[in-house]
Protein chains: 2
Amino acid sequence: MNDRMILVVDDEYELLEMVKSIFERAGFTQVLTASSGEAALKMCKEQMPDMMILDVMMPGMDGFAILKELRKTSKIPVLMLTARGEAEDKFMGFENGADDYLLKPFLPKELLFRVQAILKRVYPEKERKVFLDAATVDLEKAIVQRNGEIISLTAKEFQLFEKLYENAGRIVTTGSLCQAICGDFWQGYESTLATHIRHLREKIEENPSKPVALVTIKGIGYRLNIKGAQT
Amino acid sequence: MNDRMILVVDDEYELLEMVKSIFERAGFTQVLTASSGEAALKMCKEQMPDMMILDVMMPGMDGFAILKELRKTSKIPVLMLTARGEAEDKFMGFENGADDYLLKPFLPKELLFRVQAILKRVYPEKERKVFLDAATVDLEKAIVQRNGEIISLTAKEFQLFEKLYENAGRIVTTGSLCQAICGDFWQGYESTLATHIRHLREKIEENPSKPVALVTIKGIGYRLNIKGAQT
DNA sequence: AGCAAACTCAAAGTTGCCTCAAAGTTATCT
DNA sequence: AGATAACTTTGAGGCAACTTTGAGTTTGCT
């Protein structure tokens, strides 16, 4: 879904992989990594990523030096990762042109949210709205508009809708949907999924019992019908 | 965004670029540079900048000479940069018509702050007001107007509101808000944040227990809804 | 120093999302 | 048509997150 290119820079292999997987799990398809300042700067020139995640503490060229060098030629947004001891240095990072910073250790959710906030701010997209038969869903704000009324989606409902929207017009299996909501070990979650489907229908359908947009494909799964694209 | 035109005058390329990037990162879109007194004076005539940053120590025409010459024709505000040794000269600068001075080396934040203070003083802006569902917040004065009543915000409440306002319409994570208020080591501050949220709601909401403007996004953070931009 | 306002934090109270099960309904197959 | 499997619908319980209150501490002002 999210096709922005992200460059993660850190000397620790562990952290590099962790951050990379956080983004990949979130649907980012282009995640580059670099383990030194030199490599990072080179990659920046060649690949032109949309955003950089930069660890401050690195041997050789540290995060600040990299940032300073980078700023001579590029304005791409940077989020810095700093450890506890480096507290006051971080101000330097901010003033030198970092867009945000995060203290280690951090929650994956926190990192994702901040990166997405920066991306939205720097590359303002047109509204990501999905038009359905009876309602309109705003993917930015996770809200539904129906009859002028504004209804907000819960976390699970939103995940569910996103998964369906990614495959709009096509059938999505029950297992696939369960996985999108509750992760890998979803066996036995089917009945709960049904409840979420119900709740989502109550928000996006004119008549939840006679669904038009989110239809059941018996024995297989569900399909979301959106307006403007039909098959 | 700040669209005031700023002219930076210095003979050192490094400093020139640094100052320029400080302003550009802060949202200034028109930053000119000049590396000699002659060039600076010429630019002043042609471009009519709104403000000048002037280094005292320069070969040829020094800062004082430039300022003296400038004042024959212009009243634009000037902030002078002086090195430590030139401390007493500062009085000369002041008397010659400088609006402020700053000792090198300085923190970018400090420079920005002073420049913005001067700009506000010299070019008083229209009111920066935020309209909410039940109240109006004045960002200059840090006060809230509701039902004709005037309520002032405390420091933390104001910081909190500013952070939310910067991201108006978007979700701001709890961590981000804590960070904005109490700095870096915010883990464990969440419950205090909740209290500030409560107090802020008591000031800006009609019914703090049924918030309309400052809404909770369960599990993630909060969002500020402002009037005039909504869908 | 003394006071008031602001801040912090913990503890109790509340909300609402998620889950799951049980009963009802619909589609499909023979 | 009847049987069966799949899906729908409802409701109740649990739990984590959020709210609210109050009391203690700090801060800033006179």
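All chains are named by letter (A, B, ...) in the order of the sequence lines, taking the proteins before the strands, and each is independently numbered beginning at 1.
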Is the phosphate of [N] approached by [X] (side-chain N or O, under 4.0 Å from OP1 or OP2)?
X	N	answer
B:Y189	C:dC9	no
B:T216	D:dA17	no
B:T154	C:dA5	no
A:H196	C:dT19	yes
A:Y222	D:dA6	no

For [X], report the nucleic acid contact type (base, sugar-phosphate, nothing); a contact means any heavy atom under 4.0 Å.
X	answer
A:I181	nothing
A:I220	sugar-phosphate
B:T195	base

#### Entry: B:C182 or A:T192, whichever maps to the more 5' nucleotide of DNA chain C
B:C182
### Query
DNA chain C: B:S152 or B:G188, which has the more 5' nearest nucleotide?
B:S152
Interatomic distance, [X] [atom1] vs [N] [atom2] [rounded to whole Å]:
X	N	atom1	atom2	value
A:R201	D:dT9	CZ	P	7 Å
A:K156	D:dC15	NZ	C1'	13 Å
A:W186	C:dC20	CH2	P	14 Å
A:R198	C:dA23	CZ	C1'	15 Å
B:I151	C:dA5	CD1	P	16 Å
B:I197	D:dT20	CD1	P	11 Å
B:F158	C:dA5	CZ	C1'	19 Å
B:Q187	C:dC9	CD	P	13 Å

### Query
With under 30° as parallel and over 60° as perpendicular, where do the rings of B:H199 and B:H196 fit, or are they tilted in between?
perpendicular
Taking atom types as modelled, is there a side-chain donor on [X] or [Y] under 3.5 Å from an acceptor on the other?
X	Y	result
A:Q30	A:D3	no
B:Q179	A:R114	yes
B:Q145	B:T136	no

### Pair B:R146 + B:E205, salt bridge at N-O below 4.0 Å
no
### Message
Of the options C:dC18, D:dT9, C:dT19, whose atoms approach the side-chain atoms of A:S209 most closely?
### Response
D:dT9
### Summary
Per atom distances to the A:S191 side chain, the nearest of D:dT20, C:dC7, C:dA21 is C:dA21
### Message
Nearest 0.5 angstrom please: B:L177 CG to B:W186 CH2, how far?
### Response
10.0 Å
### Query
Starting at the 5' end of DNA chain D, which residue's closest nucleotide do you reach first, B:G221 or B:E202?
B:G221
#### Entry: Under-3.5 Å donor-acceptor pair between A:K218 side chain and D:dA6 base
yes
